[in-house]
Amino acid sequence: MELQTERILITGVLGQIGTELSSKLAEMYGKENVFGVSLEDPSRAEGAALGLYQQMDVTNTQALNSFIEEHKITTVYHLASLLSGTSEKNPLMAWKINLDPLLNLLELAKDKKIAKIFWPSSIAVFGRGIPKDNVEQEVPLNPSTVYGISKLAGEKWCEYYHNKYGVDVRSIRYPGLISWKAPAGGGTTDYAVEIFYKAIEDGKYTSFIKEGTAMPMLYMDDAINATLQLMAAPSENLSVRTSYNLGGLSFTPEELAAEIKNIMPEFEITYEPDFRQAIADSWPSSIDDSVAKKDWGLKYEFNITAMTKDMLVNLKKKLASA
Ligand code: SER
């Protein structure tokens, strides 16, 4: 029943997650019930699985709220955000973009103008004072990056609005997301996306993350499935209203390079770490996501080998037809 009545808005809809989430949601709810906004020019939204696309700065509260009212939006996937690398370069802008629209949406939900919100957090909320491996759901959070600070604050606001006003907001701490449909932008884990483009285009890649740096990663198919599973779960099953840990995979640049080499033996990797190395060093290597498994049945399909194969096959086709 609910499937027929949900009217969905995705902010940041032309980004790495939004591009794939919108297609999936359009399959489930009908394209006419999926709306998207982002900063990008409308020409970039041609062919997107959306009932309607509008170019919009989501920090423009009035524009966003009018859109939500006009189109009778019930559910918002609020994906617009500055990632870790970009946030370090523009700290105050990152704070504004990553927090203000979220607070606006939480207010709308409090006033019953929307029913449900999804908001992505990140492994960037973790920092010093905890073990690097299998980081549990409830640990001290000491982020050292602007991005991590904004995500931690956002998590706490989500929990506050849920506890105080009953707002149904759900969140996942995404690890690095790997995908071929839309490029990532400005993240520390993005080396694991760039490497595939460079492997196909140049046969070699210079990584801005150095050898031996393991980070949590996830293939986009698994990330989208997890997101939809969380959003479909009965509210009373959810014990976490800050944000759920999601682990997925954990690997180093050389481990990923070895997987690529298995398929492309001539592939070569070299290392020139930049400012993002310090960000990576402050993050965990792997994540314990047993709470998400228990609460809403999180599971994954792709290991590093299956992911590498799928990335190379699909990206090759995409780049060849570009
Ligand atoms: N992929 C993100 C980043 O590197 C982590 O959430 O910024």
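Values below: every heavy atom of this structure, side chains too, minus hydrogens, waters and symmetry copies. As the structure lists them, so they are numbered: ligands from 1, and atoms in each ligand from 1. Along the sequence shown, the residues carry numbers beginning at 1.
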Return the set of residues passing side chain to side chain donor-acceptor pair (under 3.5 Å) with N65 (not counting sequence neighbours), or none when no residue passes.
N104
Check whether more than 12 heavy atoms from other residues, nucleotides or ligands sit under 6.0 Å from atom CD of E32, and answer yes or no.
yes
Which residues end up grouped with L92 if you chain together Ile, Leu, Val, Met, Phe, Trp and Tyr wherever their side-chain heavy atoms are less than 4.5 Å apart?
none
Suppose clustering is done on Ile, Leu, Val, Met, Phe, Trp and Tyr with side-chain heavy atoms closer than 4.5 Å. Which residues sit in the same group as I97?
L82, M93
Are the side chains of S38 and V58 in contact, using a 4.5 Å heavy-atom criterion?
no
Extract all N/O-N/O pairs under 3.5 Å that connect ligand 1 to the protein, and present each with both atom names and the distance rounded to 0.1 Å.
unit_1	atom_1	unit_2	atom_2	d
ligand 1	1 (N)	T189	OG1	2.7
ligand 1	4 (O)	S84	OG	3.3
ligand 1	4 (O)	T188	N	2.6
ligand 1	4 (O)	T189	N	3.1
ligand 1	4 (O)	T189	OG1	3.3
ligand 1	6 (O)	S122	OG	2.6
ligand 1	6 (O)	Y147	OH	3.3
ligand 1	7 (O)	S84	N	3.0
ligand 1	7 (O)	S84	OG	2.6

Of K116, R241, H162, which is the lone residue that meets side chain to side chain donor-acceptor pair (under 3.5 Å) with S235?
R241
